Amino acid sequence: MPHTRKIIIDTDPGQDDAVAILLALGSAELDIVGISAVAGNVPLNLTEKNARKICELAGRPDIKVYAGAIRPLARELVTAEEVHGKTGLNGPQLPDPTMNLQDQYAVDFIVETLMNEPSGTITLCALGPLTNVALALIREPRIAPRIKEIVLMGGGFFEGGNVTPTAEFNIYVDPHAADIVFKAGIPIVMMPLDVTHKALTTAKRTQAFRKLGTRVGTATAEMLEFFERFDEEKYGTDGGPLHDPCVIAYLLKPELFEGRTCNVTVETSSELTMGMTVIDWWGVTKRPQNAMVMRDIDHDAFFALLLERLGRL
């Protein structure tokens, strides 16, 4: 029996979140203890439903899905229907899920799991705003040293932002939560726009998913075709960035990525730069290093991994 890594996926699906979940479900090395939904790309009532839709698409109704924070810690919720569509998963026609949403609040699930499982065995995969994770840390600070690591998609530095000139969406939605997480002393691996903007869903790559000839392959192609139209127009590229699957790919093949350990600080007071991740790439401050920040990706190998693993579903 190969060694498996226990993970909690915290997410706000979102087409790219959906592909990340499918990648995890197609990978025997990962044991998904649960999926916690958070408000982000669309409101919570849709993100928790979308997480269940994806589990059912993959034939995994056994995965436990929990609903978490309905809004950010201190700001009004900002959503991204203009990117993801009104459902958050526009593109394929996916049926409403029949699997149940768990009764337990997602934040309580995260705390309970981390306190009950052996210390250093649970990895948090954060694909959306960090509200649930921050609330768990506030509720039970003793979980911080028990987390193996947090691998998250969020932020940007050399690429700037994608929702304001300086802020990436996940961090911008709840900068106060991100600030708590980055200050918690937990090992963090960060997938900013600097790396995800190099993982483009070209027309050829999208067609490769369709050619799998499976429900998952077809639905993935349809999701990507809808999702990428916004970024193709914005960036003038063939395809759009596939952000969130970078988190899961790192767990499977960390050698696909290159980066360095830096200090990352989140701006929470200036409306001009709210949610900016200030990354001390050149080590010019005395602030302690608190995150491995990725900047490069072997994008061909990344898409080959995606294709192979989604092909198993």
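Just so you know, these numbers come straight off a predicted model, no measurement behind them. One-based numbering along the sequence shown.
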Is the shortest side-chain N to carboxylate O distance from [X] to [Y] below 4.0 Å?
X      : Y      : answer
Arg210 : Glu225 : yes
Glu56  : Arg52  : no
Lys286 : Asp280 : no
Lys49  : Asp96  : yes
Lys198 : Asp296 : yes
Arg71  : Asp174 : no
Glu117 : Lys6   : yes

Donor-acceptor check, side chain of [X] to backbone of [Y], threshold 3.5 angstrom: yes or no?
X      : Y      : result
Asp12  : Ala39  : no
Thr4   : Asp31  : no
Thr166 : Gly161 : no
Thr273 : Met276 : no
Asp298 : Leu256 : no
Asp17  : Thr11  : no
Asn132 : Ala37  : yes
Arg260 : Trp281 : yes
Thr214 : Gly217 : yes
Glu140 : Ile143 : no

* Quick one: is the NZ or CZ of Arg75 closer than 6.0 Å to the six-membered ring centre of Tyr172, and within 45° of its axis? -> yes
Indicate yes or no: at least one non-hydrogen side-chain atom of [X] is less than 4.5 angstrom from one of [Y].
X      : Y      : value
Leu89  : Leu46  : no
Phe182 : Asn263 : no
Gln102 : Phe109 : no
Leu137 : Ile186 : yes
Asn290 : Ile188 : no
Met223 : Phe209 : no
Ile35  : Ile32  : yes
Lys148 : Arg5   : yes

Where [X] and [Y] come nearest, the two heavy atoms and their spacing:
X     : Y      : result
Leu22 : Val216 : CD1-CG1, 4.1 Å
Leu23 : Leu306 : CD2-CD2, 3.9 Å
Val65 : Ala51  : CG1-CB, 3.9 Å

* Asked: Any chance the side chains of Asp16 and His243 put a donor and an acceptor closer than 3.5 Å?
  -> no
* Would you sort out whether Ser36 and Asp10 count as a side chain to side chain donor-acceptor pair (under 3.5 Å), showing the intermediate values? => CA-CA 5 Å; Ser36 52; Asp10 190 71; 2.5 Å; yes
* I would like to know whether Glu48 and Lys53 meet salt bridge (Lys or Arg N to Asp or Glu O under 4.0 Å); could you show each step before the answer? => CA-CA 9 Å; Glu48 58 87 353; Lys53 283 182 178 180; over 6 Å; no
* To do: Assess whether salt bridge (Lys or Arg N to Asp or Glu O under 4.0 Å) is satisfied between Arg139 and Glu112, documenting all intermediate values.
  => CA-CA 11 Å; Arg139 179 157 296 185; Glu112 191 176 287; over 6 Å; no
